Amino acid sequence: DTRGVHGVVSVAPHFLRLQMRVVLAVIGAEVIKTGMLADSITINAVCDALADYAPGVPLVADPVMVAKGGHRLLAPEAVATLRERLLPMAAIITPNIPEAEALSGMSIGDVAAMHRAAAALLRTGARAVLL
């Protein structure tokens, strides 16, 4: 709700892949957007499914990591998986400032720092960054 996150339940990776396969086979996609992926197992399942069932479909990756109230939405050990697996697949990534700081390893305090962080995020393989 508007006051915070009260719980997170992950979807089983095999079921997630099944749903992606079925939807992409029946409906297809012009573009795909990801949001909260929670952990490395989920990120890997989504990346594998994208590679298998949606090669060439542009990906908008929103690296949801922390809720506004401070609740972690991405396991700390999954940050590297997000950076190494998902971001290189993305046509564009849309991190907010705290997410960009976590992904780039930089502190962002002004517009110049935003430009430096965006350049660092481009080096992950993403083709564009909207910060």
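Since the structure is predicted, the reported quantities are computational estimates derived from the model, not experimental observations.
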With side chain to side chain donor-acceptor pair (under 3.5 Å) as the rule and sequence neighbours excluded, what pairs involving residues 103-120 come up?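 For residues 103-120, and leaving out neighbouring residues, there are no side chain to side chain donor-acceptor pair (under 3.5 Å) pairs at all.
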Does one hydrophobic cluster hold both [X] and [Y], with members joined at side-chain heavy-atom distances below 4.5 Å?
| X | Y | answer |
| --- | --- | --- |
| Val57 | Leu86 | yes |
| Phe15 | Leu37 | yes |
| Ile32 | Val22 | yes |

Which atoms form the tightest heavy-atom contact between [X] and [Y], and what is the distance?
| X | Y | value |
| --- | --- | --- |
| Ala118 | Leu131 | N-CD2, 4.4 Å |
| Arg127 | Met89 | NH1-O, 4.2 Å |
| Met106 | Ala117 | SD-CA, 3.5 Å |
| Val64 | Gly35 | CG2-C, 3.8 Å |
| Gly109 | Ala113 | N-CB, 3.8 Å |
| Ala100 | Pro95 | N-CB, 3.8 Å |

List the residues meeting side chain to side chain donor-acceptor pair (under 3.5 Å) with Ser40, not counting sequence neighbours, and say none if there are none.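 Applying side chain to side chain donor-acceptor pair (under 3.5 Å) to Ser40 gives Thr81.
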Qualifying salt bridge (Lys or Arg N to Asp or Glu O under 4.0 Å) pairs, either residue in [range], two or more places apart:
| range | value |
| --- | --- |
| residues 4-13 | none |
| residues 72-95 | Asp48-Arg85 |
| residues 30-46 | Lys33-Asp62 |

Do other residues, nucleotides or ligands put more than 12 heavy atoms under 6.0 Å from the CD1 atom of Ile41? no
I would like to know whether Leu74 and Val79 meet side-chain contact (heavy atoms from CB on, under 4.5 Å); could you show each step before the answer? CA-CA 7 Å; Leu74 180 68; Val79 174; 4.0 Å; yes
Please give the remaining members of the hydrophobic cluster of Leu130, linking ILVMFWY side chains under 4.5 Å, ordered by chain and number. Val31, Val60, Ile92
Just one of Leu50, Ile43, Asn44 clears the side chain to side chain contact (heavy atoms under 4.5 Å, CB included) bar with Val46, so which one? Leu50
Passing option when Pro63 is tested against Leu82, Leu121, Thr34 for side chain to side chain contact (heavy atoms under 4.5 Å, CB included):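 Filter result, single survivor: Leu82.
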Between the side chain of Glu99 and the main-chain N/O of Asn96, is any donor-acceptor distance below 3.5 Å? yes
Start with the C-alpha distance between Asp52 and Arg17, add both sets of side-chain angles, then the distance that settles side-chain contact (heavy atoms from CB on, under 4.5 Å), and finish with yes or no. CA-CA 10 Å; Asp52 291 344; Arg17 282 182 52 86; 3.0 Å; yes
Is there a side-chain contact (heavy atoms from CB on, under 4.5 Å) between Met65 and Leu103 once you walk through the steps? CA-CA 10 Å; Met65 300 172 80; Leu103 291 168; 4.1 Å; yes
